Amino acid sequence: MMNRDNAAWVNDLKDVGPNREAALDDLDAELKPALRRGISRWLSTSHPEFDDLVKDVGQETLMRVLKQLDTFEGKGQFTNWVYKIAVRLALNELRRRKWRNVSLDYLQENSEEGGASFQFPAADPLPETNMQRRQAMAELQRAINEELTSRQRAVMLAVIIQGVPMEEVARKLGSNRNAVYKMLHDARRRLKTRLEEAGLSPSELLAMFE
Amino acid sequence: MKRIIGWLKNLFSSSKRHESLFGKMIYMLASTREEELNCAQVYALLEQFSEAVLRHEPLTDLMMSIEQHLNVCPDCREEYETLLAMMKAA
């Protein structure tokens, strides 16, 4: 395998002919083991779908790399830029597979659950020493119900509590990840302000957990 | 007796979940900033950030904004950790 710097990768991949073929082969040889390592964090290597996923994501990554070659700015290593493209493809595919059969109807506008109020799971009484935390929990619960729109509340429920990827929330809403992120950012800002106004600074509360 | 132990176990685990959910939300609120990078901005710089982390470089303000985003964005955090795992052995 040839050792290439960023410029050599780009030049060879832009070439028409044997240089490009050789570069694609070399890139594939670099990408595959790395991709196996990356995906094995989420899917066991003995899973029946593991090898196919590595293969499909690997192929799709190389296609995207060729298409997006002009967008590579060369600020990091070329192969790391390629890995990044592969990571996004692999994780989005794994997210889609994991959540495709899970109903997230409450995300839809006008759904009953979306409009319902939020409650922390019922808990047994906390010790007296946690008075401030209990007060904060009650205030946060009120803030979630009073400060957030039903859509914000539903998205927060999905992402933070149920652990649904934002990418999947966006898919169900016919939106995109940036928009879902912005919705959550707005929600977090509102809740933070509300707690601070009540004299409950999240940073100070956090210190009590540590 | 078994039933009581089961009940106590449930109580204990539900209380733990409850604590961690609240703790998680407080952590996210404490990490929240007025201005934050969005996912697309973080994605554009993700390999640069990861390289800086692996080289143990002091983080610039821009790189610190990425770190902040990763603390409040589960999707980007997963992608960052996976990328790091792919890069490490390289």
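Because the structure is a prediction, the values reported are computed rather than measured. Lettering follows sequence order; numbering is per chain, from 1.
- Contacts between B:Ala52 and chain A at a heavy-atom distance below 4.5 Å are absent for every atom of the residue.
- Put simply, the side chain of A:Lys75 never gets that close to the backbone of B:Gln48: no donor and acceptor are under 3.5 Å apart.
- Of the atoms belonging to A:Arg36, not a single heavy atom falls under 4.5 Å from chain B.
- Heavy atoms closer than 4.5 Å to chain B are found in both the backbone and the side chain of A:Ile160.
- Without hydrogens or angle criteria, A:Asn178 side chain to B:Cys39 main chain gives a donor-acceptor distance under 3.5 Å.
- In this structure, the side chain of B:Asp75 engages the main chain of A:Glu167 through a donor-acceptor pair within 3.5 Å.
- Of the atoms belonging to A:Leu94, not a single heavy atom falls under 4.5 Å from chain B.
- Residues B:Ile26 and A:Leu195 are in side-chain contact: their nearest non-hydrogen atoms beyond the backbone lie under 4.5 Å apart.
- Remark: B:Glu36 engages A:Arg188 in a salt bridge, criterion side-chain N to carboxylate O under 4.0 Å.
- Under a 3.5 Å cut-off, the side chain of A:His185 and the backbone N or O of B:Arg33 do form a donor-acceptor pair.
- Heavy atoms of A:Ala90 lying under 4.5 Å from chain B are absent altogether.
- At least one donor-acceptor pair closer than 3.5 Å links the side chain of A:Arg37 to the backbone N or O of B:Ala85.
- Neither the backbone nor the side chain of B:Gln41 comes within contact range of chain A; no heavy atom of the residue lies under 4.5 Å from a heavy atom of that chain.
- At least one donor-acceptor pair closer than 3.5 Å links the side chain of B:Glu51 to the backbone N or O of A:Gln77.
- Only the backbone of B:Leu37 comes within contact range of chain A, with heavy atoms under 4.5 Å apart.
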